[in-house]
Amino acid sequence: MRIMFAVPCYWPSQDGVTIITSYLAGGLAAKGHDVFVLTSAGNGGLQVLPEEDSHDGVKIRRMRVHTRWPLFIKGRDKKSTKAVYRKAVQDFAPDVLVVVCAQTWTLDWILPCLKNLDCVKIFYSHGYSAWKTDVSCGSYLKKRDVVGAWAAYRADRYYKKLHRYIRLFDRTIYLSEDSNAAVYAKQYGLTNGRVLKNAIDDRFFDEDMRHGYEEKACISYLFVANYNQNKNQEMLIRAFGEAKIGKSRLVLVGFEENAYYERLLEVIREKVDGQPDKEVQFYIHVSRDTVIDLYRTCDVFTCSSLSENYPIVAHEAAATGMPVISTNVGIYDRIDGAYIVEDTAQMKRAMEELYHDAGERARRGQAAYEWVCGQGCRIRDKVEWMERDMREMVEKR
């Protein structure tokens, strides 16, 4: 089959959307399918990456798209427009088009053309972070935040119409039965959805990835997430800086430097500098092998996000037997042994407890590992599911 993915971010990024799309696209290519990915360069299209590329047997083409959703989506040059996107679909003539993520150019620019696309169409949702059932533009206006009020209004209008377009897809894929995208589908009576939960790289289940919980001279806290306000790394840095712990390290793995990254440097100067036993390490543009090695060598996984749906990093951490500390987002509260926190003060106390108590790290880490082993998270099963579903829909056309 000729399979095209339109996804806002892709290799060499290391975020959740990229990881999931990469193992599906690469797995389908390994099965002999002709797979093409149309994506955007990182940092709002400013990152310097080749326009044409390939990885794991997948052909890649990058545009340079700046998205500040829902205020605007615009290409940074003449090769990065909605017309170019639509022509790329037409020229590749896929048997299957997979559109990944709402609230970005990959979906929004193709919506007017859906009825005219002569192929199987799949919408792969990673959740709707801006969908609200109780929108109040007035709360923004009271703060004299006109831009915030306008954004809330635009997002509300978007989601009141989106269901009409989702019906035009042959298949919609959700990350879990109770993701907000699946809840949205139930509210609007959409019936073309199926659940395909995230998968974990098989390497995470290797024996040398399994954590021991011995006393250590230095404890490392890890968070793997792009640097942005929703991931809220500022909260982690503040909690780490305030925690009453000894020799320790906070390891933050993101994709690129940006304005929020610069803000984090300011918080480090405010909260961590002057404490010689504490170190904050940033990783940027690192390989997948490096990320996996950090899961193996760090001690505690932390998540400070304001919202999540079905984060793959949570499953990766659990597969290594790492104890997990997280805000109450996504599926973190379902992970056996996870330490759920509500604010910076609780994050600080959780860091302190797991720093000083190796037995508690062991108890929570082992519980997380046993939980993930029952989740059916192998990549090969997800790729085979995707291929089978695609083939059945192509044959029915």
Side-chain angles (χ1 to χ4, degrees), residues 4-26 29 35-69 71-89 91-92 98-101 103-110 124 126 201 223-231 233-234 251-266 268 280-294 312-313:
M4 178 176 176
F5 287 81
V7 60
C9 47
Y10 196 70
W11 177 87
S13 177
Q14 294 294 334
D15 61 282
V17 171
T18 293
I19 292 168
I20 294 164
T21 308
S22 295
Y23 71 61
L24 290 171
V35 183
F36 168 51
V37 168
L38 182 65
T39 189
S40 177
N43 196 18
L46 293 177
Q47 188 187 14
V48 178
L49 289 170
E51 180 182 339
E52 305 285 339
D53 210 344
S54 64
H55 181 68
D56 286 345
V58 176
K59 296 186 290 288
I60 304 169
R61 178 178 171 185
R62 298 185 181 94
M63 304 200 302
R64 301 176 64 241
V65 184
H66 184 198
T67 301
R68 188 181 174 191
W69 197 93
L71 300 179
F72 63 80
I73 300 173
K74 62 182 180 181
R76 293 189 180 274
D77 55 43
K78 294 181 179 179
K79 296 181 180 180
S80 308
T81 66
K82 63 179 70 176
V84 171
Y85 172 22
R86 294 166 184 174
K87 190 173 187 302
V89 177
D91 291 347
F92 185 69
V98 185
V99 178
V100 184
C101 290
Q103 301 177 196
T104 189
W105 63 271
T106 47
L107 180 66
D108 294 9
W109 280 359
I110 204 70
Y124 204 120
H126 283 259
D201 190 314
F223 188 26
V224 181
N226 285 337
Y227 303 120
N228 62 58
Q229 290 182 340
N230 182 61
K231 302 304 181 182
Q233 287 94 340
E234 181 176 342
V251 181
L252 302 175
V253 182
F255 180 47
E256 61 200 4
E257 297 180 13
N258 51 29
Y260 187 73
Y261 168 85
E262 296 297 330
R263 169 60 184 156
L264 297 180
L265 295 180
E266 294 178 8
I268 290 171
V280 179
Q281 291 184 344
F282 287 98
Y283 284 81
I284 299 168
H285 302 313
V286 295
S287 69
R288 185 63 174 154
D289 288 342
T290 298
V291 176
I292 291 174
D293 193 55
L294 289 171
I312 188 66
V313 293

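All residue numbers in this chain count up from 1 along the given sequence. Being a predicted model, the structure only gives us computed values, none of them experimental.
- Scanning all heavy atoms of the two residues, the minimum distance from N43 to E257 falls at ND2-O, 3.9 Å.
- Listed here is the closest heavy atom pair of V99 and T106: CG1-O, 3.2 Å.
- Note that CD of E51 and CD1 of I60 are 13.0 Å apart. Values are rounded to the nearest 0.5 Å.
- Counting all heavy atoms, side chain and backbone alike, A225 lies closest to Q233 at O-NE2, 3.3 Å.
- Using a 4.5 Å heavy-atom cutoff, the side chains of L24 and Y124 are in contact.
- Using a 4.5 Å heavy-atom cutoff, the side chains of T67 and P8 are not in contact.
- Atom OG1 of T290 is separated from atom OH of Y283 by 8.0 Å, given to the nearest 0.5 angstrom.
- Looking at W69 and D108, their side chains do bring a donor and an acceptor atom within 3.5 Å of each other.
- Annotation for Q281: atom CD counts as buried by contact number, over 12 foreign heavy atoms lying within 6.0 Å.
- Between atom NE2 of residue H66 and atom CZ of residue R76 there is a gap of 5.0 Å, rounded to the nearest 0.5 Å.
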Legend entry - side-chain contact (heavy atoms from CB on, under 4.5 Å) between F255 and Q47, worked out: CA-CA 10 Å; F255 180 47; Q47 188 187 14; 3.1 Å; yes

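- Under a 3.5 Å cut-off, the side chain of R64 and the backbone N or O of A41 do not form any donor-acceptor pair.
- With V291 as reference, V286 is the one residue of V286, V313, I19, D201 to meet the side chain to side chain contact (heavy atoms under 4.5 Å, CB included) rule.
- At a cut-off of 3.5 Å, with distance as the only test, a side-chain donor of S13 or D15 sits close to an acceptor on the other residue.
- Looking at Y227, its side chain does come within 3.5 Å of a backbone N or O of L252 through a donor-acceptor pair.
- In this structure, the side chains of K82 and W105 stay at 4.5 Å or more apart for every pair of heavy atoms.
- Heavy-atom minimum distance, W109 versus T81: CZ3-C, 3.4 Å.
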Inset, instruction - Start with the C-alpha gap between E52 and R61, add the side-chain angles, then the distance that decides, and say whether side-chain contact (heavy atoms from CB on, under 4.5 Å) holds. - result: CA-CA 5 Å; E52 305 285 339; R61 178 178 171 185; 3.8 Å; yes

Inset, instruction - Give the C-alpha distance, both sets of side-chain angles, the deciding distance and a yes or no for side-chain contact (heavy atoms from CB on, under 4.5 Å) between H55 and V37. - result: CA-CA 10 Å; H55 181 68; V37 168; over 6 Å; no

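- At least one side-chain heavy atom of L265 sits less than 4.5 Å from a side-chain heavy atom of F282.
- A 4.5 Å side-chain heavy-atom check between W11 and D53 finds at least one atom pair inside the cut-off.
- Using a 4.5 Å heavy-atom cutoff, the side chains of H285 and E256 are in contact.
- Minimum heavy-atom separation, K231 to N226: CG-O, 3.3 Å.
- Here the side chains of V65 and Y85 are not in contact, with every heavy-atom distance at 4.5 Å or above.
- No side-chain donor-acceptor contact under 3.5 Å links D56 to the backbone of V58.
- The two residues T39 and V7 come nearest to each other via the heavy atoms OG1-O, 2.8 Å.
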